[in-house]
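Remember, predicted model here, so these are calculated numbers, not experimental data.
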Amino acid sequence: MHRRLWFLPLIALVAASASCDIPGAAPPTAFVFPTPNETLTAVFAPTATPLIAPTSTPTPPPLATAEATIVTPAIVPPTATAGTLSSRPNGVVVEAGRFSTAPAIDGNLSDWPSLPYKVDRIVYGAANWSGPSDASGTFAVGWDEANLYLAARVVDDLHVQTSTGTNIWRGDEIELQIDTNLASDFYTASLSADDYQIGLSPGDFASNPSTDYLWYPSTKAGRTSPATVIARVKTASGYDLEARIPWSAMGVTPSESARYGFALSFSDNDLAGKAVQQSMVSSVGTRKLLNPTTWGTLALLGTVVK
């Protein structure tokens with residue numbers, strides 16, 4: 001009798017194991033492979049981070065040039081030549097008269113017979129722009145064999161520019177976009193090596209001097225040229241600015257009747273002591289920073305400007 005009783009605890013232990021939820025007591029739950037909603041590629045492909053398309057801010061373009069985007073026109077000219085691809089359909093053609101005597105770059109715009117072109121189309125920060133007295137202006141362009149000349153009268157009710165160098169777009173400044181080879185990439189809606197973005201800052205009329213900066217092509221980023229000259233004069237309604245930019249800085253040999261893609265824009269900041277771009281007005285209402293097909297046209301005339 002005593003020899004048979006030692007089996008009883010073993011039987012009880014087996015019965016308890018069958019009825020308890022201790023780890024490993026129950027069989028594992030079967031793994032269900034997720035059903036792909038489209039294809040295996042769609043399920044397992046890494047999620048691509050979308051590129052954030054820039055608004056029309058003058059933010060310097062990315063260093064790496066993306067593959068060119070071609071815009072197919074509704075009607076493609078059967079024989080596309082430099083003659084048929086000489087003007088953008090965006091706004092009026094800006095005509096640059098030829099100087100027989102180079103203007104003095106001193107901020108005094110009396111060398112210019114008129115400032116016929118307007119910068120008054122809001123292209124960025126419309127909610128921050130209160131109208132022409134906030135930021136707008138007029139301008140003229142001239143040229144000779146050595147240089148491109150610019151005269152601008154800027155209306156700005158509060159001048160703020162705390163930045164220098166690559167950050168001058170974060171304050172009151174003037175920007176030029178120039179496509180130096182218009183016919184060759186007329187339908188290309190992305191920047192290429194012949195597209196230039198140049199900033200001209202008047203400084204703060206105190207300790208912060210006037211300066212220029214070239215953002216694009218990114219391989220040339222920095223001062224446009226040691227020979228670039230800027231002069232500015234503060235006025236009751238804003239400031240006047242003159243600039244001389246060597247054609248050589250853009251790889252251009254100018255000639256009468258030549259045409260280029262072109263837009264002139266004013267960046268505005270009204271936050272005293274801060275480096276911010278609040279709004280931008282342009283000579284071309286369609287202007288987008290990274291899309292040359294949205295710019296206007298600059299034409300070099302043979303007319304002598306005196």
Novice: Tell me, do Ile168 and Thr211 make a side-chain contact under 4.5 Å, heavy atoms counted?
Specialist: yes
Novice: For the side chain of Thr188 and the backbone of Ser190, is there at least one donor-acceptor N/O pair under 3.5 Å apart?
Specialist: no
Novice: Mind checking who shares a hydrophobic cluster with Val160, ILVMFWY linked at side-chain heavy-atom distances under 4.5 Å?
Specialist: Leu158
Novice: Taking NZ in Lys118 as the centre, count heavy atoms belonging to other residues, nucleotides or ligands within less than 6.0 Å. Is the count above 12?
Specialist: no
Novice: Under a single-linkage definition using a 4.5 Å side-chain heavy-atom cutoff for Ile, Leu, Val, Met, Phe, Trp and Tyr, are Tyr196 and Val252 assigned to the same hydrophobic cluster?
Specialist: yes
Novice: Linking I/L/V/M/F/W/Y whenever any side-chain heavy atoms sit under 4.5 Å apart, do Leu214 and Leu264 land together?
Specialist: yes
Novice: Holding to side chain to side chain donor-acceptor pair (under 3.5 Å), I want the full list of residues that pass it with Asn108, two or more places apart in sequence or in another chain.
Specialist: Ser110
Novice: Closest heavy-atom contact between Leu300 and Pro254?
Specialist: CD1-CB, 3.9 Å
Novice: Go through the steps to decide whether Thr164 and Asn208 satisfy the test side-chain contact (heavy atoms from CB on, under 4.5 Å), and finish with yes or no.
Specialist: CA-CA 8 Å; Thr164 59; Asn208 189 357; 3.1 Å; yes
Novice: Taking salt bridge (Lys or Arg N to Asp or Glu O under 4.0 Å) as the cut-off, I'd like each qualifying pair that reaches into residues 209-218, sequence neighbours left out, listed once.
Specialist: Asp212-Arg223
Novice: Are the side chains of Ser279 and Ile122 in contact, using a 4.5 Å heavy-atom criterion?
Specialist: yes
Novice: Is the side chain of Asn90 donor-acceptor paired with the backbone N or O of Thr293 at a distance under 3.5 Å, no angle test?
Specialist: yes
Novice: In the structure I gave you, are the side-chain heavy atoms of Leu115 and Leu109 within less than 4.5 Å of one another anywhere?
Specialist: yes
Novice: To the nearest 0.5 Å, tell me how far Leu289 CG sits from Tyr124 OH.
Specialist: 11.5 Å
Novice: Treating Ile, Leu, Val, Met, Phe, Trp and Tyr as nodes and any side-chain heavy-atom pair under 4.5 angstrom as an edge, say whether Val123 and Ile174 lie in one connected cluster.
Specialist: no
Novice: For Ser201, does its backbone N or O pair with a side-chain atom of Glu173 as donor and acceptor, under 3.5 Å?
Specialist: no
Novice: Establish whether Leu176 and Val119 are linked, either directly or via other cluster members, by ILVMFWY side-chain heavy-atom contacts under 4.5 Å.
Specialist: yes
Novice: Specify the closest pair of heavy atoms between Leu298 and Ala96, including all atoms of both residues, with the distance to one decimal.
Specialist: CD1-CB, 4.0 Å
Novice: Please answer whether the main-chain N or O of Thr166 pairs with a side-chain N or O of Trp215 as donor and acceptor at a distance below 3.5 Å.
Specialist: yes
Novice: Testing the basics here: between Ser265 and Met280, what is the closest heavy-atom pair and its distance to 0.1 Å?
Specialist: CB-SD, 3.7 Å
Novice: Only counting residues at least two apart or in another chain, list the ones meeting ring-ring contact (aromatic ring centres under 6.0 Å, His included) with Tyr149.
Specialist: Phe99
Novice: Could you check whether Arg259 and Ser87, counting side-chain N and O atoms only, form a donor-acceptor pair closer than 3.5 Å?
Specialist: yes
Novice: Could you tell me which non-hydrogen atom of Gly261 sits nearest to which non-hydrogen atom of Leu182, and how far apart they are?
Specialist: N-CD1, 3.9 Å
Novice: Can you tell me if Thr235 uses its side chain to pair, donor with acceptor, with the backbone of Gly238 under 3.5 Å?
Specialist: yes
Novice: Just jot down the ring-ring contact (aromatic ring centres under 6.0 Å, His included) partners of Tyr260, sequence neighbours excluded, or say none.
Specialist: Trp247
Novice: Any luck finding a side-chain donor-acceptor pair between Thr286 and Thr294 under 3.5 Å?
Specialist: no
Novice: Nearest 0.5 Å please: distance from the CH2 atom of Trp169 over to the CG atom of Asp172.
Specialist: 13.5 Å
Novice: Taking side-chain contact (heavy atoms from CB on, under 4.5 Å) as the definition, give me every residue that meets it alongside Ala227, ordered by chain and number, with sequence neighbours left out.
Specialist: Ser225, Pro246
Novice: With clusters defined by side-chain heavy atoms of hydrophobic residues (ILVMFWY) lying less than 4.5 Å apart, directly or transitively, does Leu150 cluster with Val154?
Specialist: yes
Novice: Can you pull out every salt bridge (Lys or Arg N to Asp or Glu O under 4.0 Å) where at least one residue sits in residues 177-204? Sequence neighbours excluded, please.
Specialist: Arg88-Asp179
Novice: Charged N to carboxylate O under 4.0 angstrom, Arg287 versus Glu175?
Specialist: yes
Novice: Is the closest side-chain heavy-atom distance between Phe262 and Val141 below 4.5 Å?
Specialist: yes
Novice: Under the ring pair (Phe, Tyr, Trp, His ring centres under 6.0 Å) definition, can you give me all pairs with a residue in residues 125-148, not counting sequence neighbours?
Specialist: Tyr117-Phe139
Novice: With heavy-atom distances below 4.5 Å as the criterion, would you say the side chains of Leu241 and Leu200 are in contact?
Specialist: yes
Novice: Not counting sequence neighbours, which residues clear salt bridge (Lys or Arg N to Asp or Glu O under 4.0 Å) with Arg244? List them please.
Specialist: none
Novice: Grab the two heavy atoms, one from Ala140 and one from Trp112, that are nearest each other, plus how far apart they are.
Specialist: CB-CE3, 3.7 Å
Novice: Check whether any side-chain heavy atom of Asp120 sits under 4.5 Å from a side-chain heavy atom of Val281, and report yes or no.
Specialist: no
Novice: Of all the heavy-atom pairs spanning Pro202 and His159, show the shortest one and how long it is.
Specialist: CG-CE1, 3.5 Å
Novice: Could you please spell out the steps behind the side-chain contact (heavy atoms from CB on, under 4.5 Å) verdict for Asp240 and Arg153?
Specialist: CA-CA 5 Å; Asp240 291 347; Arg153 176 155 289 156; 2.9 Å; yes
Novice: To the nearest 0.5 Å, what is the distance between CG on Asp156 and CG on Asp134?
Specialist: 7.0 Å
Novice: In Å, rounded to the nearest 0.5 Å, how long is the span from CG of Asp270 to CG of Asn128?
Specialist: 8.5 Å
Novice: Cation-pi check, Lys234 to Phe205: give yes when NZ or CZ is under 6.0 Å from the six-membered ring centre and within 45° of the ring axis, no otherwise.
Specialist: yes
Novice: Taking side-chain contact (heavy atoms from CB on, under 4.5 Å) as the test, write out the residues that go with Ala104, two or more places apart.
Specialist: Asp106, Asp111
Novice: For Phe266, enumerate each residue passing the ring-ring contact (aromatic ring centres under 6.0 Å, His included) test, keeping only those at least two apart in sequence or located in another chain.
Specialist: none
Novice: Do the side chain of Gln197 and the main chain of Gly199 share a donor and acceptor less than 3.5 angstrom apart?
Specialist: no
Novice: Please enumerate all residues that pass side-chain contact (heavy atoms from CB on, under 4.5 Å) together with Ser210, with sequence neighbours excluded.
Specialist: Ile230, Arg232
Novice: Within the 4.5 Å heavy-atom criterion, are Leu148 and Met250 side-chain neighbours or not?
Specialist: yes
Novice: Can you tell me how far the OG atom of Ser283 sits from the CD atom of Gln177, to the nearest 0.5 Å?
Specialist: 9.0 Å
Novice: Does any non-hydrogen side-chain atom of Val284 lie less than 4.5 Å from one of Trp295?
Specialist: no
Novice: To the nearest 0.5 angstrom, please state how far the CD atom of Gln278 sits from the OG atom of Ser130.
Specialist: 10.0 Å
